[in-house]
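Letters A, B, ... mirror the listed sequences (proteins, then strands); counts begin at 1.
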Amino acid sequence: MSVRSIPRNELETLESLTPDKIAQILEVALLTTQEPLPISELKKLFNHELSTAVLSKLLYGIREKWADSGIELISVASGWRFQTRPDMQPYLDRLTPPKAPRYSRAVLETLAIIAYRQPVTRGDIEEIRGVSVASTVLKSLSARGWIEAVGHRNVAGKPALFATTSKFLDDLKLRSLEELPPLEEMKSLLDSGENNQNLPLIEPETDKE
Amino acid sequence: MSVRSIPRNELETLESLTPDKIAQILEVALLTTQEPLPISELKKLFNHELSTAVLSKLLYGIREKWADSGIELISVASGWRFQTRPDMQPYLDRLTPPKAPRYSRAVLETLAIIAYRQPVTRGDIEEIRGVSVASTVLKSLSARGWIEAVGHRNVAGKPALFATTSKFLDDLKLRSLEELPPLEEMKSLLDSGENNQNLPLIEPETDKE
Amino acid sequence: MNSVVDSQAIQPVARICGEPLMEIPQDLYIPPDALEVFLDTFQGPLDLLLYLIRKHNLNILDIPMAELTQQYMAYVDMMRIEQLELAAEYLLMTALLIEIKSRMLLPNPKTETEEEHDPRAELVQRLLEYEQMKTAAARLNELPQAERDFTIVQVLIKQEAVAQLPGVSIEDLSQAWLSILARAKVNRHHQIKREALSVRAYMSQVLRDLRECKQLQFYDLFSPQATAAEVVVTFLAILELAKELLLEISQDHDSRIIYVRSIDTAQRA
């Protein structure tokens with residue numbers, strides 16, 4: 001049985017920690033924590049005695065070290081975390097059947113509208129999609145921790161205003177909403193009818209933004 | 001992004017997987033799973049095309065590779081898993097401070113009485129507290145090395161006389177008992193009445209810990 | 001090229017008896033058998049209209065309204081049975097389309113300003129916005145997604161085998177003592193002076209010393225390094241212990257040596 005060998009109040013002071021040991025501690029913290037760890041959190045590991053610059057340098061060093069492995073250290077909205085490389089997933093799926101749901105178009109469209117037009121009410125979403133939005137759609141996105149009610153619009157009924165969460169960004173490996181794929185300018189519907197046999201369905205128009 | 005570029009049914013056959021790649025897959029599976037993975041489970045990663053002997057050899061290789069890190073690959077009854085080394089614990093505790101257990105009021109009061117009134121018998125403590133003192137209370141303080149029997153009072157039953165130890169002083173970072181807050185100051189604090197409503201523990205109690 | 005278009009191009013619109021229906025027939029006629037699947041394929045009237053316009057290069061001006069309306073009405077009839085809400089939405093769309101068509105057909109009163117509201121404008125705007133979101137949704141789905149495309153590393157933190165011990169601060173002790181005092185209200189019996197604490201500490205120490213040896217010479221109880229104050233306190237501690245019948249002091253008649261002996265018989269047993 002492992003018994004605590006280092007009492008908390010007798011931890012080595014930072015000076016006695018070698019750079020290797022510091023990197024090791026950082027690595028272990030990142031390997032054991034599922035939520036991304038922001039630099040502010042990582043500083044706690046060293047009683048706030050390490051600067052952001054030093055930590056960043058170490059983090060990039062760790063990232064480098066793992067470059068050829070099956071896992072990668074990445075920086076997302078809420079901080080740094082280790083995750084598997086995409087080519088590992090098919091193997092992992094053999095161990096545990098994929099637990100992440102495949103979202104229906106209704107869910108995906110709702111998510112897109114919330115992500116790009118936030119904050120929006122259910123009514124706004126219905127307006128854009130042209131159909132009513134089932135409560136289960138919003139519930140499944142809330143349950144995943146991807147959307148949340150951030151307030152209420154001050155109109156009759158006080159409908160909830162939905163926005164995406166930082167977990168949504170984290171789970172999509174994004175650091176901010178600006179990293180979402182840019183919205184495309186849609187081909188005008190009024191001047192179709194001419195020469196569109198080959199269906200350039202979503203050809204971006206470069207002259208407009 | 002080429003994330004979905006490997007359809008599950010077109011995974012490389014085992015022959016095309018290099019030993020390094022196989023070890024990488026094993027490593028990733030173990031790094032992402034908290035429960036121990038038995039060999040039988042690890043075989044699923046390779047569609048049962050690898051023998052127990054081969055897998056064991058690879059696992060020992062991975063264990064070797066991680067030997068100098070803050071986590072270790074160990075084999076427990078139900079399989080293999082990565083876990084943190086004990087010396088990492090104090091650092092990780094800084095990220096999520098473990099909820100410090102608290103002594104009950106009975107233990108704290110008993111400790112206070114022994115500290116201020118030593119040497120005292122259990123009977124003395126009971127007289128002062130006005131309630132009986134469970135033997136578990138004295139045992140837990142003895143086990144902690146904070147109190148000890150320094151003798152016995154020469155009355156019927158020869159009750160043990162308890163005193164605080166030097167470990168008690170060390171753990172509370174006191175050089176001597178005189179550094180404990182003087183009782184008469186506390187008394188006047190109490191008498192002044194101004195702080196009475198802030199005293200959390202003044203209601204009578206019948207604890208029987 | 002973007003993958004959204006590609007994937008949409010290869011996906012069958014619907015399946016009828018297992019046979020993929022690769023595109024909507026030109027005459028817009030949907031076989032009744034396929035209607036249910038067909039409705040599942042489209043998110044709603046807006047989605048269907050967008051599809052028809054894009055797929056068949058329909059100019060919104062030239063939509064064959066009679067056919068389309070008939071078609072929509074047929075859906076509505078089918079849907080009324082089970083999906084009344086969706087039926088209402090298709091019905092609304094049909095009404096809108098008819099309104100647009102009729103307005104286009106009516107002679108345009110010259111009295112209106114140049115900026116006259118184009119009945120198609122709002123619909124076109126909605127269609128475009130919906131199409132934009134539809135595309136965005138497909139793009140979002142292409143992004144690598146936690147748990148689906150990658151897994152987050154999580155190594156077990158091996159918790160200590162030893163249970164963590166509660167911490168106690170000096171404040172905890174003061175607080176505990178205060179609560180005892182508060183309970184006792186008048187604490188006559190146990191009132192202790194500041195100095196008394198050190199006496200009591202030395203009482204413990206003398207008892208410890210006597211625990212080691214059966215009896216000690218009086219002077220052995222005083223450390224050679226002791227300060228004057230410590231000597232006094234130790235002496236007071238010995239007297240207090242004698243008073244509390246915890247030790248016995250005796251003097252040898254011949255040698256005049258003073259012995260201090262614990263009366264603690266229990267521990268020697």
Participant: Can you name the residues of residues 124-137 of chain A that have some heavy atom under 4.5 Å away from a heavy atom in chain C?
Facilitator: A:Glu127, A:Ile128, A:Arg129, A:Gly130, A:Val131, A:Ser132
Participant: Heavy-atom pairs under 4.5 Å with chain A: which of C:Leu46, C:Val155, C:Leu156 has the most?
Facilitator: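 Between C:Leu46, C:Val155, C:Leu156, the count favours C:Val155.
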Participant: Answer yes or no: is there an ion pair linking A:Lys44 with A:Glu41, defined by an N-O contact shorter than 4.0 Å?
Facilitator: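 Answer for the salt bridge query: yes.
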Participant: Between atom OG of A:Ser166 and atom CG of A:Asp171, what is the distance when rounded to the nearest 0.5 Å?
Facilitator: 9.5 Å
Participant: Can you pull out the residues in residues 62-72 of chain A with any heavy atom less than 4.5 Å from chain C?
Facilitator: A:Ile71
Participant: Can you give me the closest heavy-atom contact between A:Arg175 and A:Glu179, atom names plus distance?
Facilitator: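 So the minimum-distance heavy-atom pair works out to N-OE1, 3.1 Å.
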Participant: Examine whether an atom of A:Leu180 lies under 4.5 Å from a heavy atom of chain C, and if so say whether it belongs to the side chain, the backbone or both; otherwise answer neither.
Facilitator: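 It is the side chain, since no backbone atom gets that close.
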Participant: Counting only N and O atoms by type, is there a donor-acceptor contact under 3.5 Å from the side chain of C:Asp149 to the main-chain atoms of C:Gln145?
Facilitator: yes
Participant: Between the side chains of C:Arg148 and A:Tyr103, does any donor sit under 3.5 Å from an acceptor?
Facilitator: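 Checked: C:Arg148/A:Tyr103 side chains show no N/O donor-acceptor pair below 3.5 Å.
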Participant: Which of the residues A:Pro36, A:Ala115, A:Pro182, A:Pro181 is involved in the greatest number of heavy-atom pairs with chain C at under 4.5 angstrom?
Facilitator: A:Pro181
Participant: Okay, side chain of A:Thr165, backbone of A:Gly145: is any donor-acceptor separation there less than 3.5 Å?
Facilitator: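 Such a contact is found between A:Thr165 side chain and A:Gly145 backbone.
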Participant: Using side-chain heavy atoms (C-beta onward) and a distance below 4.5 Å, is A:Trp146 in contact with A:Leu111?
Facilitator: yes
Participant: Please determine whether a side-chain nitrogen of the Lys or Arg among A:Arg117 and C:Glu129 lies less than 4.0 Å from a carboxylate oxygen of the Asp or Glu.
Facilitator: yes
Participant: Heavy-atom cut-off 4.5 Å, strictly under: side chain, backbone, both or neither for A:Leu31 against chain C?
Facilitator: both
Participant: What pair of heavy atoms forms the shortest contact from A:Glu109 to C:Gln43, and how long is it?
Facilitator: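 Shortest heavy-atom separation between A:Glu109 and C:Gln43 comes out as OE2-CG, 3.5 Å.
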Participant: Looking at A:Glu35 and A:Lys167, does any basic side-chain N land under 4.0 Å from a carboxylate oxygen?
Facilitator: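 Result for this pair is no, no salt bridge flagged.
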Participant: How about CZ on A:Arg85, more than 12 heavy atoms from neighbouring residues, nucleotides or ligands closer than 6.0 Å, or not?
Facilitator: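 Atom CZ in A:Arg85 is packed in, count exceeds 12.
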